[in-house]
Amino acid sequence: MDRRNFMKACGIGCAAMAKPGVMLARIPGESDAEFNARMTWWREARFGMFIHWGIYAQLGLGEWAMNDLKIPPARYQKLAPRFNPVDYNPADWVKLAQAAGMKYMVITSKHHDGFCMFKTKYTDFNIVDATPYKRDALAMLSKACADQGMKFGFYYSILDAHQSGDNSFRKMKDEGFDQYEVYLKNQLQELLSNYGPIGSIFFDGQWTPQWNSEKGKALEKHVRSFQPQVVMNDRVGRQYESGDYNTPEQFIPEKPPARDWETCMTINGSWGYNRLDHAWKSSTQLIRNLIGIVSKNGNFLLNVGSTRQGLVPQPEIDRLQEIGKWMDINGDAIHGAGPGPTPNPPWGCVTSKPGKIFLHVFEWPKGELALEGLSNVSGKALLLTASGKQELSTSVSGNGLIIKLPSQPVHPAASVIEIVKGS
Ligand code: GLC
């Protein structure tokens, strides 16, 4: 079974979306108001940075290299003494994310290979004890985030090939799994005690056959006993049934899930740094993805795969900077915004926030934009531009508002017209 089919079989993909009527997990006893208060920052943020980084970056073949190349654990471990990411500068990463308009960062604390990017007393297979770098990459990033007002979160793989003593990323050995559960909980205690307030946790690797709903619930409770406010993903539970939000991976759901959700996506096709993968998405595609996700009430967690030296690859920097230029003009139509009052029209997408509707025009028409059938969209029309808001003249036809347009779009990915309601 190749990896894609394996992921399908594991239910990563469509099955990750809540079906209508599916029970929406919640902390037992938490009221709607408490839940909404806990979720507010995350819902308003809309855009975050995912970071896949570990000793696999040495090989430059993605984070599944150990499994895919069938590298025996004893050989894989030899990557650690050569891992020395001297160029890692977390303050720069935070700046890059902020300039792109991202409001939170989620870094791999431990991926399926079991290598820990943080100091842990439960294994030496960690960045402080096993590498010449000797510094805690997570502590450094969490500090940079705290210094620069960025929410900090981490990814944690339940599946752990190192603890299993195997190179399979599909299943762990049964033998020793009970002890491993203690290990896992101990590490989460460390992660939730030593790195300040944690915004969100992204669990993964819950497909190892030993994991089940009860274990997921118990882990969720364990996590919340240290940081009750944390926002947690669905993969803490075996069937994607737990946590606070769903995690469609590499796609935008046609119909949004019934509860909070976040699409995670790569900029090329790989999560971990992959020197052979040059299939970069365009910044236009990424900007439109972000808009499309917000118009469906979701979040966008966009991934970068750091190199062995601790650098974000240049093609990823370029795209994030392009997104940032768009966000500088149009961030108000994304942060704190949600779906518009109408379904998305053929020419683009609609988002809104109290008092404002944002028309994201992907296909710039000649002369005017006729909001046919969008009778509930009315008000003053302001074009968002780098030099401020430019009022556009409007008229009303039987079918809705007609907005006069300049001949050129503001931005090739999407030009945004803000409709100020009631004016
Ligand atoms: C999958 C992959 C993993 C990646 C994750 C991101 O579960 O196994 O490598 O970290 O997706 O969502």
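Both counts, for ligands and for their atoms, begin at 1 and track the order of listing. If you read the sequence from its start, that first residue is 1, and numbering goes on from there. No hydrogens, no waters, no symmetry mates; every other heavy atom, side chains included, goes into these values.
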With a 4.0 Å cut-off, would you call [X] and [Y] a salt bridge?
X      : Y      : answer
Glu190 : Lys121 : no
Lys353 : Asp332 : yes
Asp244 : Arg38  : yes
Asp129 : Lys119 : yes

task = Establish, yes or no, whether the cationic atom of Arg235 lies under 6.0 Å from the six-membered ring centre of Tyr245 and within 45° of the ring axis.
result = no
Which atoms of ligand 1 have any heavy atom of [X] under 4.0 Å away?
X      : answer
Asp204 : 1 (C), 2 (C), 3 (C), 4 (C), 5 (C), 7 (O), 8 (O), 10 (O), 11 (O)
His111 : 3 (C), 4 (C), 9 (O), 10 (O)
Glu249 : 1 (C), 5 (C), 6 (C), 7 (O), 11 (O), 12 (O)
Cys264 : 12 (O)
Phe202 : 12 (O)
Trp64  : 2 (C), 3 (C), 8 (O), 9 (O)
Tyr155 : 10 (O)
His112 : 2 (C), 3 (C), 8 (O), 9 (O)

query = Which bit of Arg235 gets closer than 4.0 Å to ligand 1, counting heavy atoms only: side chain, backbone, both or neither?
reply =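 Looking at Arg235 and ligand 1, just side chain atoms fall under 4.0 Å.
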ask   = What part of Phe169, side chain, backbone, both or neither, has a heavy atom within less than 4.0 angstrom of ligand 1?
value = neither
inquiry  = Check contact between Phe203 and ligand 1, using heavy atoms of the residue and a distance below 4.0 angstrom.
reply    =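 Per 4.0 Å heavy-atom rule, Phe203 does not contact ligand 1.
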key: Asn268 and Pro315, any side-chain heavy atoms less than 4.5 Å apart   =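 No - every pair of side-chain heavy atoms lies 4.5 Å or more apart.
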request  = Please say whether Trp207 places an N or O atom under 3.5 Å from an N or O atom belonging to ligand 1.
outcome  =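 No, Trp207 has no N/O under 3.5 Å of an N/O on ligand 1.
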request  = Compute whether any side-chain donor of one residue and acceptor of the other, for Gln250 and Thr266, lie under 3.5 angstrom apart.
outcome  =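 Note: Gln250 and Thr266 side chains meet the donor-acceptor criterion.
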CZ (Arg135) with more than 12 external heavy atoms under 6.0 Å = no
